[in-house]
Structures are given as C-alpha cells and as structure tokens.
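The structure appears below as structure tokens.
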Amino acid sequence: MDADTGRATAGRTTGEAPGGVSGGVSAGGEDHQRLLEEAMAAALALPARGRSADYIPALACADPGAFGMALATVDGGLYGVGEWRRPFSIQSVSKLFTLALALAEGGDSLWQRVGREPSGNPFNSLVQLESEQGIPRNPFINAGALVATDRLLELTGDAAGAVRDFLRAESGNPDITTDDSVAASEARHGHRNAALAHFIASYGNLRNPVDSVLAHYYAHCAISASCADLALVGRFLARHGLRADGSRLLTRSEAKRVNAVLLTCGTYDAAGDFAYRVGLPGKSGVGGGILTVIPGRGALCVWSPGLDRAGNSVLGVAALDALTTATGWSIF
Ligand code: GLN
C-alpha cells in the first residue's frame, strides 16, 4: 500500500541517490523492480503476520500487515515496493549507525568495553551482564548499544544528533528526525533499559550520566525513516566503508568487521536462523524494519511491523528469504 494514495503500488526511481548514477536493470540482466515485487507477493501470501511491539505503547498501534521494501544499489539505483516511502520508527536499526560512527570517530578501543559474540538471549536481557561484569556481549543487544551510545556521546557530545545527521547525509533526506512522542513513550516505560544502564554504570563502563545515555539512546531509536532512506544509508557498508559523497567512514577492514557482527548478532537470538534463511548481514528493529547489506551490490531495507518472538519482522524476514533465495544474493 502506498502511504500517500492508500493503493498498492510499486515504484522505481533511478538516479535519485545522492551522487549516484541511473540504475535500472543491471548488467547481469536482473530486473530489480520485478524481484522486489515477487518478494513482496511471496511474503504477503503467508498467513502469519506476527505482533506489533506493545512494550513501547507508541508502537503498539502499527498495522502488522503493512509492508514496504526498497533496494538501493551501489551504482545509484533505487527501487521500491509497497509503503517504501513511509517513515517508520527505526528502533534498533539505529544501533548499526551508532556502532559505525563510534568506530569511525573513536577507533577500536570500543571493543574493550563491548564484546562481539552472539548473546543467545533476548535483546533486552539482563542476565549475562552480571556474569560478564558489565561488558555487554555485543553492540546490538540493548546493553551493548547503550555502551556504544555512551562512547559516541563521549566522542561527539550529541550521539543522537550524530546518528540523525549521518542518516540525513547518506539518504539525501533532510527531513529525517526523531519522533519525540516515541522517545517519550519509551522513556516512560523504559525500566528495563534504565536497569541495564545503571547496571553497566555500576561496573564503571559508562562515561556519561545514565540519564544522558538513556536520552540519547531513546532519541536515536525513535528516529523515523523510510525503507528508501535506510536502503540509501546502508550503502556505506555495501561500498566497504565509503560514504555517499565518496569520503571514507570506515576502512575496508572495519566495514568487513561491522558486517560480520551484523551477521552474527544483528537479529538477536535469531541471527542463526536469519543467516540460514537470508544469508546477508542485517540489523532489525522492533519498529519492524530490517536493513541488510549485499556487499558490493547495495542495501535492502524491508519494513512490516508484525514481529516474531525474537523481535524480527515476520513478513520482512519472509520477503528477504524469498528475494535472496530467488537471486542467490547471499554472502555464502
Ligand atoms: N528502543 C528499543 C528498546 O530499547 C529497541 C529494541 C529493538 O528494536 N530491538 O527496547
């Protein structure tokens, strides 16, 4: 369904990416638009829809069957189906940008404060933190993202602003912003995140006051952006660390490593199943978005708010599964 017209639509836009060249059917003859349409149809044919996240009240009313998907190619093509232009709450997809910016600004020392192993536990779990003495398992569970947010705050003075500005620059969309009502809703109901932050602080692993870290964490999670925006942004990882303007955010080796952590930890305790079904590095969020990287080719973002038990979008994973199975786009 198109956000503006309410009709089911598919759209192709070429040459829209900042600094990009026209896209279209690639040299290999793949028709990207048709592939997206087929992936959407395969997902929507499924009876399962999942449930919208209800622990953040502002997200609870989202329609679990809404769907959008966009592909941005490294050569500047941009393709989309369904509600691919409709902004949604990016939630934990923001953790990917927090990590990338913290590494870009501050280098490898972050890894002394956060690990890079899959947690095998839910994304908001408290249990490992005590046995591992305040060093979160990885930067994509909430505990680890709080440490990465703290690091980015230390480095920039405005972690949420740094993430927002990065998204604006890479997507070419100056309207990307935090939805303050979502951030406030999460802060009001954020006892678990507050507990995590205080617990980490008790081990000396936060440099800023707990309240500031939480405020920046909620603010970057509550950024609204569309599938088109996020697919455009995700190209920096498909381009091995190069930004849309050609400057370098991460070294090739750092980009490879971020992709590795995305693959092993980006979809929580379902990362193994995601690798099995989709075969691409990806980051999901409880708003229903999933951003995946196809190294050397582009970035794909899918959105549908109905979640499975791990917190990943049911239709989103199904559409990515259908697309990568049909195309062979996988890192394996
Ligand atoms: N802001 C959400 C939280 O802290 C993000 C969780 C997610 O998307 N998995 O719970």
Side-chain angles (χ1 to χ4, degrees), residues 50-60 62 64 87-99 114 118-129 136-150 152 159-160 163-164 167 178-200 206 210-225 227 230 261-262 265-271 273-274 282-292 301-314 316-317:
R51 293 183 44 173
S52 307
D54 52 10
Y55 76 100
I56 303 173
L59 301 181
F88 59 87
S89 190
I90 71 170
Q91 292 298 315
S92 283
V93 179
S94 64
K95 295 172 181 171
L96 155 57
F97 311 124
T98 318
L99 173 66
V114 61
S119 74
N121 277 309
F123 60 81
N124 54 5
S125 171
L126 279 146
V127 294
Q128 267 163 354
L129 260 185
R137 263 295 165 100
N138 70 65
F140 296 145
I141 52 173
N142 289 11
L146 287 163
V147 171
T149 300
D150 177 61
L152 190 58
V163 173
R164 182 202 58 217
L167 298 192
T178 289
D179 182 332
D180 292 329
S181 67
V182 173
S185 173
E186 190 166 0
R188 267 196 307 279
H189 298 85
H191 304 299
R192 191 172 273 264
N193 285 323
L196 286 167
H198 282 288
F199 208 43
I200 297 166
L206 289 185
V210 163
D211 288 348
S212 317
V213 175
L214 285 169
H216 280 269
Y217 172 80
Y218 294 139
H220 68 64
C221 285
I223 289 173
S224 288
C227 291
L230 291 179
V261 183
L262 280 173
C265 310
T267 43
Y268 318 118
D269 47 339
D273 191 57
F274 190 80
K283 185 74 209 81
S284 57
V286 294
I290 309 175
L291 176 57
T292 59
C301 183
V302 64
W303 167 71
S304 181
L307 307 178
D308 61 22
R309 290 223 300 243
N312 299 315
S313 167
V314 171
V317 175

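Quick note: numbers below take in every heavy atom, side chains included, and nothing from hydrogens, waters or symmetry partners. Read the numbers this way: they start at 1 and go in the same order the structure lists the ligands and their atoms. Bear in mind the structure is a predicted one, so any value in this text is a computation, not a measurement.
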For atom 9 (N) of ligand 1, grab the closest protein heavy atom and report residue, atom and distance to one decimal in Å. Tyr268 OH, 2.6 Å
For ligand 1, the portion of Val286 having any non-hydrogen atom under 4.0 Å away: both
Against Ser284, only a single residue in Asn312, Leu96, Asp308, Val302 fulfils side chain to side chain contact (heavy atoms under 4.5 Å, CB included); can you say which? Asn312
Just by modelled atom types, is the Gln128 backbone N or O under 3.5 Å from a matching donor or acceptor in the Arg137 side chain? no
Report, in ascending order of atom number, the atoms of ligand 1 lying under 4.0 Å from any heavy atom of Cys221. 1 (N)
For Gly285, the atoms of ligand 1 under 4.0 Å from one of its heavy atoms are 8 (O)
If you compare all heavy atoms of His220 against all heavy atoms of Ser94, which two are closest, and at what distance to 0.1 Å? ND1-OG, 2.8 Å
Any idea which atoms of ligand 1 are less than 4.0 Å away from a heavy-atom of Asn193? 3 (C), 4 (O), 10 (O)
Can a donor-acceptor pair be found, under 3.5 Å and without considering hydrogens, that links the side chain of Ser185 to the backbone of Ser181? no
Main chain of Ala148, side chain of Thr98: is a donor-acceptor contact present, judged purely on distance under 3.5 Å? no
Can you name the atoms of ligand 1, numbered from 1 with element, that are less than 4.0 Å from a heavy atom of Gln91? 1 (N), 2 (C), 5 (C), 8 (O)
Closest heavy-atom contact between Leu146 and Val213? O-CG1, 3.5 Å
In the protein, what heavy atom is nearest to atom 7 (C) of ligand 1, and what distance, to one decimal place, separates them? Ser92 OG, 2.5 Å
Minimum heavy-atom distance between Ser313 and Ser304, given as atom pair plus value: OG-O, 2.8 Å
So for Asn142, does at least one of its heavy atoms come nearer than 4.0 angstrom to any atom of ligand 1? yes
For atom 4 (O) of ligand 1, find the nearest protein heavy atom and state the residue, atom name and distance (0.1 Å precision). Tyr217 OH, 2.6 Å
Could an N or O of ligand 1 be found under 3.5 Å from any N or O of Ser284, whether backbone or side chain? no
Report the relative orientation of the aromatic rings in Phe88 and Trp303; use parallel for angles under 30°, tilted for 30 to 60°, perpendicular for over 60°. parallel
Heavy-atom distances under 4.0 Å are what count here, so tell me which part of Glu186 touches ligand 1: side chain, backbone, both or neither. side chain
Residue Tyr55 vicinity, atoms of ligand 1 by number, heavy atom under 4.0 Å: 2 (C), 3 (C), 5 (C), 6 (C), 10 (O)
